[in-house]
K.L.:
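Take a look at this one; I'll ask things after.
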Amino acid sequence: MKKALKVILVILGVLILICLASVWISYNWLTVSDFTVTSGKISEPFRMVLISDLHDHSFGDGNEKLVEKIREQSPDLIIVDGDMINGDSENDDTAVELVRSLADIAPVYYSLGNHEYDYMEAGHDELQSDLEEAGAVVLNYQSVDIEVKGNPIRLGGLYEYGFETGMQSEEDNERVDSYLESYTNTDRYLVMCAHRPESFYPWDYADVWGIDLVLSGHLHGGQVIIPGLGGLYNSLDGFFAEYDYGQYKLGRSDMIITRGLGSNPKLLPRFNNPPEIAVVDVKPE
């Protein structure tokens with residue numbers, strides 16, 4: 001009995017160490033995931049880096065490890081897709097310092113997540129101007145037309161749902177419709193930075209609006225990834241939902257959901273879920 005108890009204790013100890021190691025890796029071991037999308041609107045390949053959900057975490061002093069890993073990918077532009085700080089952060093230094101460093105690598109486009117909204121509602125009205133002064137173009141109900149490797153691109157940014165819903169006010173629904181009608185009124189390649197993927201995946205709404213590519217985060221890869229089953233929980237669809245992380249087809253549209261870089265400390269810890277830098281190569285069809 002004593003030997004059996006010792007074996008059980010050893011096994012439990014090993015399992016605890018494995019779990020602790022997995023949690024540490026899920027916050028500190030930077031990984032790079034490669035995605036490819038194609039379009040008849042594209043004549044020359046170009047590369048984007050997509051990051052999201054840092055939640056005030058630091059990969060080295062001033063996020064130097066994160067910056068260097070992104071630099072190694074040689075992006076043509078960088079998409080920062082929200083929740084880089086927490087709603088209750090004391091300041092926006094983490095996001096601003098990161099943007100300042102990334103702007104030395106490639107043009108930076110920043111769309112807002114729910115934590116940026118919460119941070120601003122807490123009285124920090126300076127966030128957008130701070131990000132812009134650091135070198136980012138902030139996409140919040142805004143669009144920008146750019147040329148990348150000779151390709152005409154329109155980037156947009158939207159946090160709210162891209163379809164009418166009782167989950168937001170009628171005023172917000174009208175504002176969304178007005179913005180999307182203006183945003184999609186072009187023959188440019190349309191990239192929508194939408195922190196919440198559920199803004200566009202229900203009923204293939206990205207396709208309904210004619211958006212070519214949606215870039216999202218927010219779901220943290222389901223927070224806990226179970227081998228063979230995927231992300232544990234999607235805040236909209238529940239446990240082991242279809243949408244957690246990776247690349248999806250929404251009719252004719254593409255969607256990429258990054259697992260993100262961190263997590264709000266108030267949530268269940270990330271597990272079996274290393275922080276992700278998403279590299280998106282856009283190529284001719």
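Only heavy atoms go into these numbers, but all of them, side chains included; no hydrogens, no water, no symmetry mates. In this text, all values refer to a predicted model and were calculated from it rather than measured experimentally.
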K.L.:
Any side-chain heavy atom of V224 sitting closer than 4.5 Å to one from N272?
P.N.:
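Result no, sub-4.5 Å side-chain heavy-atom pair not found.
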K.L.:
In terms of side-chain geometry, is the basic nitrogen of E68 or K65 positioned less than 4.0 Å from the acidic oxygen of its partner?
P.N.:
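Between K65 and E68 there is no salt bridge, as every charged N stays at least 4.0 Å from the carboxylate O atoms.
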K.L.:
Does a side chain donor of either N114 or H218 reach within less than 3.5 Å of an acceptor in the other side chain?
P.N.:
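Yes, H218 and N114 have a side-chain donor paired with an acceptor closer than 3.5 Å.
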K.L.:
Verify whether the ring centers belonging to F200 and Y205 lie closer than 6.0 Å.
P.N.:
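That pair fails the under 6.0 Å test.
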K.L.:
Counting heavy atoms not belonging to W29, are there more than 12 under 6.0 Å from its CH2?
P.N.:
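Atom CH2 in W29 is not crowded, with 12 or fewer foreign heavy atoms closer than 6.0 Å.
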K.L.:
Between the side chains of Y110 and Q128, does any donor sit under 3.5 Å from an acceptor?
P.N.:
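Side chains of Y110 and Q128: no pair found under 3.5 Å.
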K.L.:
Once rounded to the nearest 0.5 Å, what's the spacing between atom CG of D207 and atom CE of M255?
P.N.:
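CE of M255 is found 11.5 Å from CG of D207.
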K.L.:
Would you check if P45 and K283 make a side-chain contact, meaning some heavy-atom pair closer than 4.5 Å?
P.N.:
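Yes; the side chains approach each other to less than 4.5 Å.
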K.L.:
Could you give the distance from CG (D177) to CZ (R175), rounded to the nearest 0.5 Å?
P.N.:
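CZ of R175 is found 12.5 Å from CG of D177.
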K.L.:
Please tell me whether E276 and T258 have a donor and an acceptor in their side chains that are separated by less than 3.5 angstrom.
P.N.:
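A donor-acceptor contact under 3.5 Å links the two side chains.
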K.L.:
For Y201, enumerate each residue passing the side-chain hydrogen bond (donor to acceptor under 3.5 Å, both in side chains) test, keeping only those at least two apart in sequence or located in another chain.
P.N.:
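With sequence neighbours excluded, Y201 shows a side-chain hydrogen bond (donor to acceptor under 3.5 Å, both in side chains) to N234, D237, given in chain and number order.
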K.L.:
Between R259 and T31, is there a side-chain donor-acceptor contact under 3.5 Å, judged purely by atom types and distance?
P.N.:
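Side-chain D/A pair, T31 to R259: present.
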K.L.:
Consider only side-chain heavy atoms of I, L, V, M, F, W and Y, link residues closer than 4.5 Å, and tell whether W24 and F271 are in one cluster.
P.N.:
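No; tracing contacts between hydrophobic side chains, which count when under 4.5 Å, never links both residues.
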K.L.:
Run the salt-bridge test on D145 and R154 with the 4.0 Å N-O cut-off and return the result as yes or no.
P.N.:
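Salt bridge flag = yes for R154 with D145.
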K.L.:
If you measure only the distance, is there a donor-acceptor pair under 3.5 Å linking the side chains of Y245 and S33?
P.N.:
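There is no such pair (donor and acceptor under 3.5 Å, judged by atom type) between the side chains of Y245 and S33.
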K.L.:
Centre-to-centre under 6.0 Å for F59 and H57, is that the case here?
P.N.:
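Ring-ring flag for F59/H57: true, centres closer than 6.0 Å.
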K.L.:
Going by atom types alone, do Q223 and N273 pair a side-chain donor with an acceptor below 3.5 Å?
P.N.:
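Side-chain D/A pair, Q223 to N273: absent.
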K.L.:
Has K69 got more than 12 heavy atoms of other residues, nucleotides or ligands less than 6.0 Å from its NZ?
P.N.:
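Check fails, neighbour count at 12 or below.
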K.L.:
So which of S43, S39, P284 actually passes side-chain contact (heavy atoms from CB on, under 4.5 Å) with N151?
P.N.:
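Per the side-chain contact (heavy atoms from CB on, under 4.5 Å) rule, the option paired with N151 is S43, out of S43, S39, P284.
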K.L.:
Does atom CD of E147 have more than 12 heavy-atom neighbours, drawn from other residues, nucleotides or ligands, at distances under 6.0 Å?
P.N.:
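Count over threshold, so yes.
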K.L.:
Between R270 and Y27, what is the shortest heavy-atom contact and its length?
P.N.:
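Residues R270 and Y27, closest heavy atoms: N-OH, 3.0 Å.
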K.L.:
By the rule that ILVMFWY residues connect when side-chain heavy atoms come within less than 4.5 angstrom, directly or transitively, which residues belong alongside L213?
P.N.:
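F35, V37, I42, F46, M48, L50, L77, I79, Y109, V137, L139, V144, I146, V148, I153, L155, Y189, V191, L215, I256, V280, V282, listed by chain and number.
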K.L.:
I want to check something: taking the side chain as every heavy atom from C-beta on, are D254 and V214 in contact at a cut-off of under 4.5 Å?
P.N.:
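Not in contact.
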K.L.:
How long is the straight-line distance from OG of S263 back to CG of D53, given to the nearest 0.5 Å?
P.N.:
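Between atom CG of D53 and atom OG of S263 there are 8.5 Å.
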K.L.:
Does H195 use its side chain to pair, donor to acceptor, with the backbone of D81 at less than 3.5 Å?
P.N.:
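Checking the backbone N and O of D81 against the side chain of H195, a donor-acceptor pair under 3.5 Å is found.
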K.L.:
With distance as the sole criterion, is a donor-acceptor pair present between the side chains of H55 and N86 under 3.5 Å?
P.N.:
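Looking only at side-chain atoms, N86 and H55 do form a donor-acceptor pair, the distance falling under 3.5 Å.
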